[in-house]
Asks: 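Supplied in structure tokens, the structure appears directly below.
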Amino acid sequence: MSNKVRVRFAPSPTGPLHIGGVRTALYNYLFAKKHGGDFILRIEDTDSQRFVPGAEEYIVEALEWLGLQFDEGVHIGGNYGPYRQSDRKEIYKKYVDILLNKEKAYIAFDTPQELEEKRNQTANFQYDASTRMQMRNSLTLPQAEVDELIANGEKYVVRFKIEPNEDVVVDDVIRGEVTINSSVLDDKVLYKSADNLPTYHLANIVDDHLMEVTHVIRGEEWLPSAPLHVLLYRAFGWEETMPRFAHLPLLLKPEGNGKLSKRDGDRLGFPVFPLEWKDPKTGDISSGYRESGYLPEAVVNFLALLGWNPGNDQEIMQMEDLVALFSLEKCSKSGAKFDYEKGKWFNHQYVQLKPNNDIAAMFMPYLEAKGLHPTTEYVENVVSLVKERVSFVKELWDQSFFFFQAPATYDEKTAKKRWKEDSPAQLTELIDVLTAIDDFSAPNQEQIVKAWIEDKGYHLGNIMNAFRLAVVGESKGPHMFDITATIGREETISRLGKAIKEIK
Ligand code: GLU
């Protein structure tokens with residue numbers, strides 16, 4: 001085995017990838033890239049009961065959207081394939097036999113009813129060293145009977161034979177040494193004859209070994225499985241090449257109490273999935289970050305800081321910065337509150353950082369949907385004037401509609417407050433002033449209009465408020481003369497004329 005860092009993201013295709021899973025993928029990616037290593041996508045689909053069609057494609061699409069590129073995986077192949085566990089059945093069978101031959105595992109025939117009975121008889125029943133000799137398995141039955149049962153097609157499972165009373169140490173990069181006593185573990189099922197498939201535990205360990213995985217970076221919910229995994233490595237005699245573990249902190253509810261769930265997203269109105277997901281059974285739609293208008297760079301930056309920080313208070317970090325700064329040692333042990341308002345803040349920052357032409361291109365479809373076909377240059381200019389006011393591209397329309405169309409109505413409250421008795425007369429004069437301006441640029445207009453106001457002794461605020469109401473239809477928008485310079489003299493004058501006629 002070489003020294004090259006190799007990490008895997010190993011989701012089970014049981015539904016859309018949760019945002020916590022996305023963070024796990026991201027940390028694996030950052031760690032791999034930081035160390036010049038390989039990032040592998042392995043699909044763990046040995047639980048056929050929980051398989052959901054479309055989930056694998058969803059995972060690939062989501063991680064591609066975020067810019068997490070794999071070096072090997074189910075969708076691109078590689079030298080260690082196949083990368084989908086259901087395509088590796090033969091491999092697992094071989095390793096189950098190795099454990100059976102080494103007497104590290106045994107065959108058990110107990111039916112679900114028998115197990116249920118046992119559980120009813122014995123409080124806290126656990127299938128382990130203290131009980132296994134009372135059960136129907138290859139340790140208690142004569143070999144001939146075992147062979148016959150198998151030959152007759154009797155369903156069986158293979159269980160891991162865990163030796164009691166041994167301290168098992170999991171050496172975790174983030175949590176340090178976590179020690180548990182093997183007696184608390186049960187003889188986990190590693191394989192089921194019914195579907196000819198291994199369980200998660202066996203497949204996971206065999207694959208990490210065969211794929212030469214060096215670091216297992218995954219969610220905290222897998223920490224309880226880690227001692228079992230350590231024992232499995234030992235049983236196979238693979239201690240030397242056992243990967244290092246790093247169990248990431250939980251993502252917590254925004255309030256900080258308990259694990260973040262889909263319900264929190266529904267309750268507080270934010271997505272917990274990277275992409276929109278339509279449940280193939282119920283048809284229910286769950287919102288996604290992409291469809292909600294988040295930029296992938298913002299999502300990456302936001303997630304990177306949920307459980308890790310660079311050791312100072314730097315917040316804006318693009319992918320290459322994150323790769324350079326990332327380290328597992330700086331990941332926190334304690335859960336990270338899912339502060340979705342911070343997610344919006346990141347999106348705001350990234351909208352500001354993105355070049356105006358990119359934002360304009362993203363805004364264009366919204367305009368076209370309204371039947372508007374402005375030039376790219378025009379839209380870019382508008383974007384430059386209003387982008388600081390938005391966190392999402394979809395909010396641009398609300399901040400800029402008046403660049404594309406004259407107000408159809410005038411906000412009543414604003415009109416009441418800002419349309420004075422002499423507004424019609426003053427704006428009529430303003431039309432003449434604007435008509436006479438040769439250079440209609442914003443600074444020149446401003447200078448001339450202000451000189452006129454001063455000259456006449458008019459009230460600057462009153463004129464500008466009425467002017468804005470006429471051009472915009474309400475009291476919002478960027479600098480007034482930036483608006484008029486953009487929409488042009490003819491349009492400005494026409495809007496003034498219309499307002500003078502229509503506002504009472
Ligand atoms: N298949 C497991 C999951 O869905 C992988 C856990 C691990 O990374 O070992 O999260």
Side-chain angles (χ1 to χ4, degrees), residues 5-32 37-52 54-60 62-63 68 70 72-74 80 82-88 92 160 170-175 178 188-190 197-233 236 238 241-251 259-262 272-274 277 303 307 328 331:
V5 162
R6 287 175 57 81
V7 296
R8 82 309 191 268
F9 180 55
S12 298
T14 55
L17 184 59
H18 186 273
I19 200 74
V22 176
R23 186 200 53 177
T24 299
L26 172 63
Y27 283 22
N28 273 283
Y29 173 84
L30 295 176
F31 184 76
D38 294 329
F39 178 47
I40 305 160
L41 177 59
R42 182 171 79 221
I43 296 293
E44 302 207 323
D45 59 347
T46 56
D47 187 348
S48 46
Q49 303 283 313
R50 297 183 60 216
F51 176 82
V52 172
E56 182 182 312
E57 293 76 4
Y58 177 98
I59 291 165
V60 168
L63 299 177
L68 305 185
F70 288 96
E72 295 165 31
V74 67
Y80 295 76
Y83 293 92
R84 188 182 294 109
Q85 290 187 328
S86 57
D87 296 334
R88 298 172 65 82
Y92 305 124
F160 189 29
V170 178
D171 183 13
D172 189 288
V173 183
I174 299 172
R175 283 147 214 280
V178 182
K188 273 274 173 311
V189 172
L190 301 178
L197 276 173
T199 57
Y200 154 72
H201 301 288
L202 183 92
N204 189 270
I205 270 30
V206 167
D207 286 350
D208 282 349
H209 175 72
L210 295 178
M211 294 180 183
E212 297 187 5
V213 167
T214 59
H215 296 76
V216 166
I217 304 167
R218 62 185 172 189
E220 178 178 277
E221 62 275 26
W222 299 100
L223 184 58
S225 302
L228 174 73
H229 294 179
V230 169
L231 289 175
L232 274 169
Y233 282 107
F236 279 114
W238 296 335
T241 56
M242 184 165 79
R244 297 236 35 212
F245 290 101
H247 288 93
L248 305 175
L250 276 183
L251 287 188
K259 198 176 153 193
L260 175 74
S261 73
K262 170 161 159 36
V272 295
F273 300 119
W277 167 258
L303 289 181
L328 288 173
C331 289

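Numbering of ligands and ligand atoms starts at 1, following listing order. Small disclaimer: the values here were computed from a predicted structure and weren't measured.
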Asks: Going from CG on Leu232 to NZ on Lys188, what distance comes out if it is rounded to the nearest 0.5 angstrom?
Replies: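 One gets 10.5 Å once the value is rounded to the nearest 0.5 Å.
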Asks: Testing the basics here: between Pro13 and Glu56, what is the closest heavy-atom pair and its distance to 0.1 Å?
Replies: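 Smallest heavy-atom distance, with atoms named: CB-N, 4.1 Å.
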Asks: Kindly state each residue pair satisfying salt bridge (Lys or Arg N to Asp or Glu O under 4.0 Å) with at least one member in residues 41-52, sequence neighbours excluded.
Replies: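 Found Arg42-Glu44, Arg42-Asp207, Arg42-Asp208.
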Asks: Please work out which of the three classes, parallel, tilted or perpendicular, describes the rings of Trp222 and Tyr200, given edges at 30° and 60°.
Replies: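 Tyr200 and Trp222: tilted rings.
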Asks: Listed by chain and number, what are the salt bridge (charged side-chain N to carboxylate O under 4.0 Å, His left out) partners of Arg244, not counting sequence neighbours?
Replies: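 Partners of Arg244 by the salt bridge (charged side-chain N to carboxylate O under 4.0 Å, His left out) criterion, ordered by chain and then number, come out as Asp171.
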Asks: I need the contact residues for ligand 1: any residue with a non-hydrogen atom closer than 4.0 Å to the ligand, ordered by chain then number.
Replies: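 Residues Arg8, Ala10, Pro11, Ser12, Glu44, Tyr200, Asn204, Arg218, Trp222 each place a heavy atom under 4.0 Å from ligand 1, listed by chain and number.
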Asks: Can you pull the side chain to side chain donor-acceptor pair (under 3.5 Å) pairs that have at least one residue in residues 224-233, sequence neighbours excluded?
Replies: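 The answer is His201-His229, Arg218-His229.
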